[in-house]
Amino acid sequence: MVVVSAFQRDEIRLIDADDLEAVVAIDRAHTKYSRRRFFEKRFAQAAAHPTEFVRIGFVRGGSLRGFAIAHILRGQFGREDSVAVLDALGVEFDSQSHGMGHLLISQLLEILRQTKVRTLHSQASWKSHDLLRFFDRCGFLLSSRVVLERSIAEPLIEPLEEMS
């Protein structure tokens, strides 16, 4: 699948393990550390189960400039319909603010619609204001679910029982 954008030399195409270095570099520029192993696993899982993943990239001048990777879940969480989880999204800094992220999300949504996926989920740090604004502009809404977290590294501090 190749979707040519309004710009003659731009395209959105499927990405795979051959794009690993570019994906890791774009992601590292944003996160400040390498998630190479995460992306290696994602590409391996996608190769083994291609209908469970959508992975697309924005290419300009022959170079990968942005990517989106989503995992499709069918029947999980007691739901009958399929949902997708946006695992990773990245656009190189020099290409931001030019609509590339919106184009990736739009194409991702179109692919998901064609595969009968009804909802796209994602999550972001409360402090990632730019990403949250981007998600808002792309039509994401706050979920009705609350994500709870508890450390398992430290023991739970239990209140002292009163002796009567």
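Since we're looking at a predicted model, the values are computed, not measured.
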Query raised in the report: Would you call Asp87 and Arg42 a salt bridge, taking side-chain N to carboxylate O under 4.0 Å as the test?
Result: yes
Query raised in the report: Are any non-hydrogen side-chain atoms of Phe58 and Arg13 less than 4.5 angstrom apart?
Result: no
**Report entry** Steps toward salt bridge (charged side-chain N to carboxylate O under 4.0 Å, His left out) verdict (Arg28, Glu21)
**Finding:** CA-CA 10 Å; Arg28 184 180 20 231; Glu21 295 305 321; 5.8 Å; no
Query raised in the report: Is Val23 linked to Leu86 within one hydrophobic cluster, defined over Ile, Leu, Val, Met, Phe, Trp and Tyr using a side-chain heavy-atom separation of less than 4.5 Å?
Result: no
Query - Side chain proximity check, Gln45 to Glu52, heavy atoms < 4.5 angstrom - result: no
Report summary line: Rounding to 0.5 Å, atoms CG (Leu120) and CG (Leu112) come to a distance of 6.0 Å
Query raised in the report: So Phe43 and Ile15, side-chain contact (heavy atoms from CB on, under 4.5 Å) or not? Walk me through it.
Result: CA-CA 9 Å; Phe43 284 127; Ile15 58 172; 4.1 Å; yes
Query raised in the report: Linking I/L/V/M/F/W/Y whenever any side-chain heavy atoms sit under 4.5 Å apart, do Val85 and Phe67 land together?
Result: no
Query raised in the report: To the nearest 0.5 Å, what is the distance between CG (Leu131) and OG (Ser122)?
Result: 7.0 Å
Query raised in the report: Salt bridge between Asp130 and Arg133, side-chain N to carboxylate O under 4.0 Å?
Result: yes
Requested in this report: Could you label the plane-to-plane angle of the Phe53 and His71 rings as parallel, tilted or perpendicular, counting under 30° as parallel and over 60° as perpendicular?
Outcome: parallel
Query raised in the report: Is there a donor-acceptor pair closer than 3.5 Å between any side-chain N or O of Lys32 and the backbone N or O of Ala29?
Result: yes
Query - ILVMFWY cluster, Leu109 and Ile72 together (side-chain gap under 4.5 Å) - result: yes
Query raised in the report: Short question: side chain of Asp19, backbone of Asp16 - any donor-acceptor pair under 3.5 Å?
Result: yes
Query raised in the report: Would you call Ile111 and Gln107 a side-chain contact if the rule is heavy atoms closer than 4.5 Å?
Result: yes
Requested in this report: Tell me, please, whether Phe38 has Arg35 positioned over its six-membered ring: NZ or CZ under 6.0 Å from the ring centre and within 45 degrees of its axis?
Outcome: yes
**Report entry** Value rounded to 0.5 Å, distance of NE2 in His129 from CG in Asp136
**Finding:** 14.0 Å
Report summary line: Checking Ile69, Ile105, Ile26 against Leu89 for side chain to side chain contact (heavy atoms under 4.5 Å, CB included), the one that qualifies is Ile105
Report summary line: dist Leu20:CG -> Arg36:CZ (nearest 0.5 Å) comes out at 5.0 Å
Report task. Give a yes or no on whether the backbone of Asp27 and the side-chain of Thr31 come within a donor-acceptor separation of less than 3.5 Å. Result -> yes
Query - Atom CD of Gln123 with >12 non-hydrogen neighbours under 6.0 angstrom - result: no
Query raised in the report: Taking all non-hydrogen atoms of both residues, which atom of Val24 and which atom of Ser34 are closest, and how far apart?
Result: CG1-OG, 3.7 Å
Query raised in the report: So do Val54 and Leu108 actually touch side chain to side chain, heavy atoms under 4.5 Å?
Result: yes
Report task. Please assess Ile56 against Leu104 for the test side-chain contact (heavy atoms from CB on, under 4.5 Å), listing each intermediate value before the final yes or no. Result -> CA-CA 7 Å; Ile56 56 175; Leu104 282 164; 4.0 Å; yes
Query raised in the report: Quick check: does any side chain N or O of Arg60 sit under 3.5 Å from a backbone N or O of Asp10, one acting as donor and the other as acceptor?
Result: no
Query - is_close_aromatic(His102, Phe134), centroid dist under 6.0 Å - result: yes
